[in-house]
Amino acid sequence: MNDWTPDSWRSKQATQQVSYPDDEALAKVLDEIACLPPLVTSWEVETLKAKLAQAGRGEAFLLQGGDCAESFDDCRADIITAKLKILLQMSLVLVHGTRKPVIRVARMAGQYAKPRSKTTETRNGETLPTYRGDLFNRHGFTSAERIPDPQLMLRGYERAALTLNFIRALADGGFADLHHPEYWKLDFADAAHHGQEYEQIVNSIREAIDFVQVVGGELPGLQRVDFYTSHEALALNYELAQTRKVPRRPGWYNLSTHLPWIGMRTAQVDGAHVEYCRGIRNPIGVKVGPGMSPEWLLELIELLSPEGEPGRLVLIHRLGADAIAEHLPGLIEAVRGTGKPVTWVSDPMHGNTETTAEGIKTRHFDKILSELQQAFEIHASMGSVLGGVHFELTGEDVTECVGGASGLAAADLGRAYRSRVDPRLNYEQSLEMALLIARAARRARG
Ligand code: PEP
Ligand code: CO
């Protein structure tokens, strides 16, 4: 790898970073994190890469989802469990609809740093530095809380470890057992409009399992599932502190997460984030927005995947329901020209954010669905593969996105709006989205 070192990014322009008031305190925290054990292993990272390669070929399907911004306060059993429940329910529906293994990647256990379009926030005439995620500063609206605090990176590492520990225990310990999908029921889920369709899918899977077991005996592997983690690799100091060499494998791994991604605001070809990511061996996600030209994307592919390793590059397009038809075909065509395999994923959230007359950020269910449907159709019509979907969602009963079967309206947004950054699909909207994708997949199979 030409001239790359884990900190060669320091010689490039790093956007979306903060400056800390005390360099010594920062260095101390980073040294401490660098000595702590990694959160994930290179084995898991390589296994995920192989699975993402399958998704790129259409042999598996990626479900990536979670909060826009995880908060330290939400590192709680009930909230983590609710998120796993909805991801499990959605993946079951997607397995049934797509007839493909589903790869579950949570935006969890480290999604604490946020890129922001504005550097300041003004309320009632007072202007303060913007909130940049719990890893950098605090959410409260006082100048003290908005000052970047390096201790938060240590707290973030610890919260990520606590979250991951609980996820691993649940995923291994019977909670995820396919024989017992009733464990994944959420308290308020009976009222959900799509409960019946979901129950039918559960029953048909149960019957299939029973049948196979009667014929062939106990099926291995049904008692547990794999969950992988992902977050935006934004805070480069933090990522560097967890970038490690491992015995018996060449190269460097980011062991803070399985799948780090480069956000739309930090994808400059000559920028620090791309420089950092090009040298690590993890699979790398790249957000592709409407401002990214095919030429720009080709340069990124050359830098990030010079060898064209399958599973290495996950291109997450987030173009917007009104712009995807214009932009996606050219991008697919250009990427095809490289001859390198990539895994295409649709993020139908980030190109469809709107602000209501009251100044509340929201997204319309119909727009999200429309972008997804167009993504499926455009890839299919060009003989390309849409290998997965990327959502901002939660297992809680929040009111952040409008629309869906329950008819959430703009007037409902005040009732339970909890996201600190972008609006998420709530439990019911998430399940409905999965059912609609599965239906489309079944139709496509004929
Ligand atoms: C995000 O995924 O929360 C995000 C900020 O996305 P993007 O970089 O695509 O805007
Ligand atoms: Co977001």
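As the structure lists them, so they are numbered: ligands from 1, and atoms in each ligand from 1.
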Measure the CZ-NE2 distance between F391 and H350 for me, rounded to the nearest 0.5 Å. 12.5 Å

Could you tell me whether the side chain of R312 and the main chain of I284 form a donor-acceptor pair under 3.5 Å? no

Side chain Q16, main chain R116, donor-acceptor under 3.5 Å: yes

Under 3.5 Å between some N or O of ligand 1 and some N or O of [X]?
X	value
M264	yes
R265	yes
E232	no
E392	yes

Looking at V389 and L372, what are the two nearest heavy atoms and their distance? CG1-CD2, 3.4 Å

Considering the heavy atoms of [X], write down every atom of ligand 1 situated less than 4.0 Å from one of them.
X	value
C68	3 (O)
R318	7 (P), 9 (O), 10 (O)
R107	1 (C), 2 (O), 3 (O)
G263	8 (O)

In D422, which N, O or S atom comes closest to the Co ion (ligand 2)? OD2

Mode of K114 contact toward ligand 1 - side chain, backbone, both, neither (heavy atoms, under 4.0 Å): side chain

Heavy-atom contacts under 4.0 Å between H350 and ligand 1: side chain, backbone, both, or neither? side chain

Pair K51 + E59, salt bridge at N-O below 4.0 Å: no

Residues E239 and S256: side-chain donor-acceptor under 3.5 angstrom: yes

Check: N352/E371 side-chain N/O donor and acceptor closer than 3.5 Å: yes

Rounded to 10 degrees, the angle OE2 of E392 makes with NE2 of H350 at the Co ion (ligand 2): 80°

Please check if the distance between the ring centroids of H317 and H390 is under 6.0 Å. no

Please write down residue, atom name and distance for the protein heavy atom closest to atom 6 (O) of ligand 1. K287 NZ, 2.8 Å

Report the C-alpha separation of F136 and Y112 in whole Å, then their side-chain angles, then the decisive distance to 0.1 Å, and conclude whether the ring pair (Phe, Tyr, Trp, His ring centres under 6.0 Å) test is met. CA-CA 8 Å; F136 284 133; Y112 297 126; over 10 Å; no

